[in-house]
Structure formats: C-alpha cells, structure tokens
Amino acid sequence: MPGKGGGAGIGAWTLDEEARELKQHLGRLLVSTRGRSMLGISANINRWLETVDACDGLLTLFLQHTSASLVVQENTDPDVQADILDALDELAPADYGWRHSLEGPDDMPAHVKAALTGVSLQVPVVDRRLDLGTWQEIYVVEHRASGHRRSLTLHYHGT
C-alpha cells in the first residue's frame, strides 16, 4: 500500500497527495419506479459525476420520500433482490393491522420498510467514479405496490 501504514495489520494512506482544491456540486436525479422493486441507479450517478467533473471526494444521496429507500446491495444475482423484498414484506406485512391506512394498505408497511433501510447514503468517489465494490450497486427500493416518480438530491464534495 502507498503512504504511511497503521499498526497491527491496519494500513491507511492518502489518496489525494496532490492536495487539489475542493469543490461541491448539487444535483437532482428523478427515477420512475415500477412498483415493488429494486432499481439500480449507479450508472446514472456515475454519468452525473462525469458532468460535474468530479474526481475524488464524497457523494451524499438523499431520497425525498418516506415510502421508498436507498440501499447498497449485490448487483449480480437477481434472487438477492427478490429475497430482500420478500424479507421486508415479512418484517412489515400489509395485513399487520396498521392504524395509518389513508393512502392504502401498502402505505404504512412502506413507511416501516423505509425506516428500516434508510433514505440516505454516503459513497466515496475515487478516480471519477463511485467507489463501489465489484458486486455492489446502489438501488432505489420502491416499497409501494404501484410505481412512483422518486426524487433524489445528490451532493458531491471533493476535487
């Protein structure tokens, strides 16, 4: 590993040894979902990073909704997505007897699922791309039965 190492098998180093000037950019990503599903958005985000000339930094993603969420998960076997959606259905079933039901029987379970999985992520950007692992993808998880238009705020801070 380049740079200075830590102790006891831990290594840390500086990725930006040139100490380039920091910049920030705000953006919006609109996603149309198909109903209960996981929609990969990493390629869209990488394209946005290109447009703002991002190099190395941190990207914060914030989903402006309470019945959908953001997760980083495996990008290869679609069974992983199906199993995650099924597990979330088990954790927050539509027939639980929820008090809140004004927006339909799938709304309150969707709120619980979003609370469990979250609506924001922070992902490093290294060498102009999301620094995801080989098998990782960023997904918008739609917890409602019907499709919706979802809005994400993107905030890049880096070189």
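These values consider heavy atoms only, across backbone and side chains, with no hydrogens, waters or symmetry-generated copies.
Closest of all the heavy-atom pairs between Ala68 and Ala114 is O-CB, 3.4 Å. The minimum heavy-atom distance linking Val71 with Thr117 is given by the pair CG1-CB, 3.9 Å. Taking both residues in full, the closest heavy atoms of Leu132 and Glu137 are given as CD1-CA, 4.3 Å, listed atom of the first, atom of the second, then distance. Nearest heavy atoms, Glu74 versus Asp77: OE2-N, 3.1 Å. Across all their heavy atoms, Val72 and Leu121 have their closest contact at CG2-CD1, 3.9 Å.
When side chains are defined from C-beta on, Arg129 does not count as touching Leu49, because their heavy atoms never get closer than 4.5 Å. The side-chain heavy atoms of Leu70 and Tyr139, taken from C-beta on, include no pair separated by under 4.5 Å. Using a 4.5 Å heavy-atom cutoff, the side chains of Gln73 and Val141 are not in contact. Side chains of Asn44 and Leu29 form a contact here, defined as non-hydrogen atoms less than 4.5 Å apart. Counting only heavy atoms from C-beta outward, the side chains of Glu142 and His148 approach each other to under 4.5 Å. For the pair Pro109 and His143, the minimum side-chain heavy-atom distance is 4.5 Å or more. Using a 4.5 Å cut-off on side-chain heavy atoms (C-beta onward), Ile138 and Leu130 make contact. The closest side-chain heavy-atom distance from His65 to Val119 is not below 4.5 Å.
Salt bridge Arg128/Asp53: present, at least one basic N to carboxylate O contact under 4.0 Å.
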(request) I would like to know whether Arg28 and Leu30 meet side-chain contact (heavy atoms from CB on, under 4.5 Å); could you show each step before the answer? (result) CA-CA 7 Å; Arg28 181 88 62 221; Leu30 299 175; 4.2 Å; yes

(message) Please evaluate residues Lys113 and Leu91 with respect to the criterion side-chain contact (heavy atoms from CB on, under 4.5 Å), reporting the C-alpha separation (whole Å), side-chain torsions for both, the decisive distance (0.1 Å), and the verdict.
(response) CA-CA 8 Å; Lys113 294 170 189 177; Leu91 291 170; over 6 Å; no

(message) Pair Arg36, Asp89 - check salt bridge (Lys or Arg N to Asp or Glu O under 4.0 Å), show working.
(response) CA-CA 10 Å; Arg36 183 183 173 272; Asp89 286 344; 2.8 Å; yes

(request) Assess whether side-chain contact (heavy atoms from CB on, under 4.5 Å) is satisfied between Arg149 and Val31, documenting all intermediate values. (result) CA-CA 6 Å; Arg149 188 171 178 129; Val31 177; over 6 Å; no

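Using cut-offs of 30° and 60° for the angle between ring planes, the Trp48 and His25 rings count as perpendicular. Classified by interplanar angle (parallel below 30°, tilted 30° to 60°, perpendicular above 60°), the ring pair Trp98/Tyr96 is tilted.
For the 3.5 Å distance criterion, the side chains of Ser151 and Gln64 qualify, holding a donor opposite an acceptor.
In this structure, His111 NE2 and Asp107 CG are separated by 3.5 Å, a value rounded to the nearest 0.5 Å. Interatomic distance, NZ of Lys23 versus OH of Tyr156, reported as 6.0 Å (0.5 Å rounding).
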